[in-house]
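Order of the sequence lines fixes the chain letters, A, B, ..., with proteins taken first and strands second; residue numbering starts at 1 for each chain. Please read these numbers as outputs of a predicted model, since none were measured by experiment.
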Amino acid sequence: MGRMRVGPLGGLREVESFPDRKVTTERPEASFVTLGGRRVIQRSARAARSWEQSWRLSSASDVAYLTACADGSIPGPLYLHTQDAALTNLLPSDVAAPGRMGTVALGSVAGTVPVGMAEGVVPMSGVVQQASAGAWSPIIPVRQVSHTLSAWASAAGSALSWRTVNAAGAQVATGMLTAAAVTGGFRASATFTPGATAAGVQVCTPAGSLVVGGLRLTEGAHDPVWLPGVGVPQVVVGDPQQTLQLATATEVRSDYTVTLREVG
Amino acid sequence: MSRYDAIPDALVTADLGEGLGVQPVIDWSVSRKMSGGGLPGQARGASGMSVGSGTVTLDSPAGRTPWTTGPVRPGGRVSLDARADASETFAPVARMVARDVSGAASSRSLSVSIEDDLTALRAPAAITIPPALVGLPMDAAGVVALLAAQAGYHAVPPPVVSAYAAVPLVGSHVPAVGIQDASLFDPHTRFIERDSQAGLARAIEVSGFVGTAFNVTPTQTPSGAAATFATFDYAYISPSEAPGGYTYSGLDVRPGGLRVTLNGNDTPAICVDAQGGMGDWVSVPGAPSWPAGWVRMQVQAEWIGLSGDTATGARVRARIGATGAWSAWSTYVGSIDTADPAYTSLKGYLGTRNGIRGYQAHTDDDPAVWASPSARIGVSGSLLTAVLPEPARSGWETMQEIARATLGWVGIDADGMLTCRGRDKLRGGAPAETIISEDSLEDVSWTISADDVADRVEVTYRPPTLLTTAPVYPYYPSHTVWESTETLTLGAGRVATVTAEIEGSVARIADMWLPVWNTALPAASYSRWNAFPNSDGTGTQPPDNALAIESTLLSSNRVHIRVRNTTAATLYVTQLTIRAYTAARAGEAVTLSRGLPADKARAPLAYDLGTWVQDDDTAREILDWLEGSVSNPMPTLSSVRVIPNPARRLGQIVKVTDRTTSLAAKALIAGISMSGSDGSLTQTLDLTILSTTFDDIDTWLTREGLTTFDLLDARLTALGLDTFDKLDDFLSRLGGTL
């Protein structure tokens, strides 16, 4: 997963991390089996993840920032921006695949749209544009580096609006993705770099009648294939669990474990 | 996603003190169950009443409490909708009120217990159905409809402000606005059911021209120039249900003899009828062909060239629905005396092709005439000749008594509609779905008990005794309906009020009060009083005008009496007697029985139908069903977990098949419990196994086109049913076509 950044919108700070972090996913579900042996599974439309990170023989200053996040010294809400998401898809999963499992992040009228994946073009859930532009998605915190935003649509035309916003939510810059024919479907892509005051990105469907799906936002360029949204989730930083290992007159070294839990 | 991989979801809208708003729900549960009091298992689970209740746990990010800004308050409305999967639409699960709300300082979740809103129904019942309407085919469900309307639950839109006549015709002929004249009625009408809603249609088994639907004297006469409307629901009755006969129906729209005629075809057309003068037929845009249920139509009627009381013609037009396009005008040209005294009341006549309900005539084009119903009242199947409610009962208690006595069901449904279903609809009809155990049920758990068996069944009913004053002058009201039992002490000039609860019901009381010693009129006539100056009943007889008494009929069985002592001394009123012109009271109880003789029966079942069953046929039908239920009881399936479908409703008929136990039967959903949380939706059903009913046989006969005994005979012969055993076996399953 590489680097991770934690902090409030517009104030993400890089935290030293290591590649063996464990990410667990919880999705509430229930099941029962009918008399005929048919299993019925019910699932939640959302899954919540947890990230656990350990540091060995570290000083208090090494975890001071996370401690401040944990005890509320740094006002929230706090976000977790990972390198995994930056290279895979910074959009949350219900925006990256709008209409997925009945979710309504980009609109309540769901449809199906061909989306290119590594395995080929596959029909995926999408959202149907309406007579007026849809509501903006939640703000996705980003860094001020070059980003690529892409989407798939059911036909050529205006597919997706985007804008950058500052930490207060005010618009900084805006743009439109226009879909053009590609093999198996219609794809739109744009590259932009959030300005000095920009802290996040939002997307919405413009007025129209296309079905839009397969959204992807990454740092730098990405191939014309869609990857599921990882998102920049709101997290609660757990209090660091400490095991004292070394205490001398001049320094203290401990093992620390911190758990970040996705909320919202 | 799919039937076996589902994303369940719930939507809660609640008012916890800050107005209605969507609330984040953590988990919820709602349950409803039929409970027929005093009946054994299978019968109990198929009738009675239900009060739905449940709990909802909500997340309150603001940490609201009863002492924060925007304090939490109970009593607000809570509506809950659920869907089994994201691909489905939400179905209503509860329209209830918050009874208790609880929380804790350590948690921001609020636990809300919810239940059906019966507040308005718990007010004292005020039934005002005069026995003078005796002879009209009043269904017991009509009483439920009247009580429901008093509590704000309307099976048809309530009368609008400008209505000058309104007759709901939901189980009774009692008008909501205007005075019903029963003297012109003929017996050619019956109450029918469409979409689980009762209405009136012409009786097919009675020969005759048309059936009189209503004959109402309006409360006011609209001015000649005023636009007038009549809005009503009509139903189409197919020839297989009502063969032959006169198909046209006519409904007056305004006094003066301005009527609309419906052609009674599969697609309706209308025609003006002005005192018998007819215009052209015009079709009504948007009218559905062969409508299966009730369709709301509005008719506008006007005089043409009105000068004084004389018009040069009249015209009508119609539309379906509030936004429907108006038809062309159907116009009649000819001189009409709009003040002709022969046309002061509004009449409705039904042909064989139409049912009608929710009729109201009004002057304003009021959108309220299109209001959606908030009650679903079917036909109970028990015809009443007089309504004899128990005194001091609430509307809800009276409804329960009716449901219990008629083996029907009353309750608030998942969609918040007050629902009343007759026993026929609870015992038969087309199944809403087929539930296959291998595919949908976790298990089939059944129970059958010795307590469900009876070797003798008795039902008792009380037909009414009607007391009328002979319509020969002089009209002496002589029927004593109430007598005081306590002495009233009245100081000089003092006033006392007494509320008299009458056993039975009265149409008109004698509001002239005379002292008992007045013999100018027969002693056993008119309302009477007696009073003495001394508490021991002695002393000088007070003057005839010593007491000034006013009596007011509050409802059919409650009278308010105001007594004033006009003398300068204390009086002890020892007697107050109310006499009435017309009254009805419960007659002698009639008991019907089946099974072993009383002295040999070891497990008898006695069931009191009270005064809500008044005819022998209905009592025998109930006796038959009870005997069938307890002599050969079927098991009940309880708490069967099923693949959830929030659209299932209490009282629905389903077909259940289970290969493991060789079960293949129709069943009634007698209980539904649902609970949900994120990623989970559980539904369990209580099912009552049903046997074939007359309704099923009727449906089968209609479907097979067997309209005569000859045709039925030929079919039974063709099926090889030449013995009663074979016939019995066939009818129990209708040849597998249940």
Side-chain angles (χ1 to χ4, degrees), chain A residues 24-50 72 75-77 92-95 97-113 122-128 135 138 211 213 228 234 236 261-264, chain B residues 1-11 22 24-27 59 61 81-90 108 435-446 637 639-646 656-663 674-685:
Chain A
T24 55
T25 302
E26 294 173 66
R27 186 187 292 273
E29 67 173 46
S31 72
F32 79 102
V33 180
T34 71
L35 269 177
R38 296 176 190 272
R39 180 193 297 279
V40 179
I41 292 185
Q42 298 169 331
R43 296 186 286 158
S44 171
R46 295 177 182 280
R49 293 162 291 181
S50 298
S93 63
D94 56 348
V95 174
R100 174 191 67 80
M101 286 182 167
T103 53
V104 292
L106 283 189
S108 56
V109 182
T112 306
V113 59
V122 295
M124 274 186 41
S125 68
V127 64
V128 182
V211 185
Q234 267 192 47
V236 168
R261 287 172 295 165
E262 180 177 4
V263 296
Chain B
M1 303 281 285
S2 82
R3 181 174 169 76
Y4 306 107
D5 172 15
I7 314 295
D9 203 358
L11 181 67
V22 174
V25 58
I26 298 170
D27 56 54
D59 181 31
D81 296 79
R83 57 182 178 185
D85 186 51
S87 61
E88 298 171 4
T89 54
F90 280 103
R108 67 181 206 181
I435 297 177
I436 301 167
S437 67
E438 291 81 359
D439 186 54
S440 302
L441 299 182
E442 189 177 40
D443 202 350
V444 178
S445 50
W446 49 266
L637 313 182
S639 300
V640 177
R641 185 172 179 181
V642 60
I643 292 181
N645 176 3
V656 182
T657 67
D658 175 41
R659 275 194 300 235
T660 316
T661 56
S662 301
L663 170 68
M674 292 179 70
S675 61
S677 59
D678 189 20
S680 171
L681 176 63
T682 306
Q683 185 175 52
T684 60
L685 304 178

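The minimum heavy-atom distance linking A/Pro28 with B/Asp678 is given by the pair CB-O, 3.3 Å. Heavy-atom minimum distance, B/Ala86 versus A/Gly102: CB-CA, 3.4 Å. Contact between A/Leu35 and B/Val444 at its shortest, heavy atoms only, is CD1-CG2, 3.7 Å. Closest heavy-atom contact between A/Arg38 and B/Tyr4: CD-OH, 3.4 Å.
When each of B/Leu441, B/Ile436, B/Thr682, B/Val642 is checked for heavy-atom pairs under 4.5 Å with chain A, B/Leu441 comes out on top. Here A/Ile41 is the residue among A/Val40, A/Val33, A/Ile41, A/Thr103 with the most heavy-atom pairs under 4.5 Å with chain B. Between chain A and the options B/Gly679, B/Pro8, B/Ser677, B/Ala84, the largest number of non-hydrogen pairs under 4.5 Å is found for B/Gly679.
Few gaps surround CZ on A/Arg27; more than 12 heavy atoms of other groups in view lie less than 6.0 Å from it. Annotation: A/Glu26, atom CD; neighbour count of heavy atoms from other residues, nucleotides and ligands within 6.0 Å does not exceed 12. Atom CZ of A/Arg49 sits in a crowded spot, with more than 12 heavy atoms from other residues, nucleotides or ligands closer than 6.0 Å.
Rounding to the nearest 0.5 Å places CZ of A/Arg43 at 9.5 Å from CG of B/Asp85. With values rounded to the nearest 0.5 angstrom, B/Asp9 atom CG is found 8.5 Å from A/Ser44 atom OG. A distance of 9.5 Å separates CD of A/Glu29 from CD1 of B/Ile7, quoted to the nearest 0.5 Å.
Counting only heavy atoms from C-beta outward, the side chains of B/Pro644 and A/Gln42 approach each other to under 4.5 Å.
For the pair B/Arg641 and A/Phe32, the distance from NZ or CZ to the six-membered ring centre is under 6.0 Å and the angle to the ring normal is within 45 degrees.
Using a 4.5 Å cut-off between heavy atoms, B/Arg83 contacts chain A through its side chain alone, with no backbone atom that close. If you measure heavy-atom distances from B/Asp658 to chain A, the contacts under 4.5 Å come from the side chain alone. Looking at B/Leu681, both its backbone and its side chain come within 4.5 Å of chain A, counting heavy atoms on both sides. For B/Ser437, the parts sitting under 4.5 Å from any heavy atom of chain A are the backbone and the side chain alike.
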Using the side chain to side chain contact (heavy atoms under 4.5 Å, CB included) rule, take A/Thr34 and B/Glu442 through it: C-alpha gap first, then chi angles, then the decisive distance, then the call. CA-CA 4 Å; A/Thr34 71; B/Glu442 189 177 40; over 6 Å; no
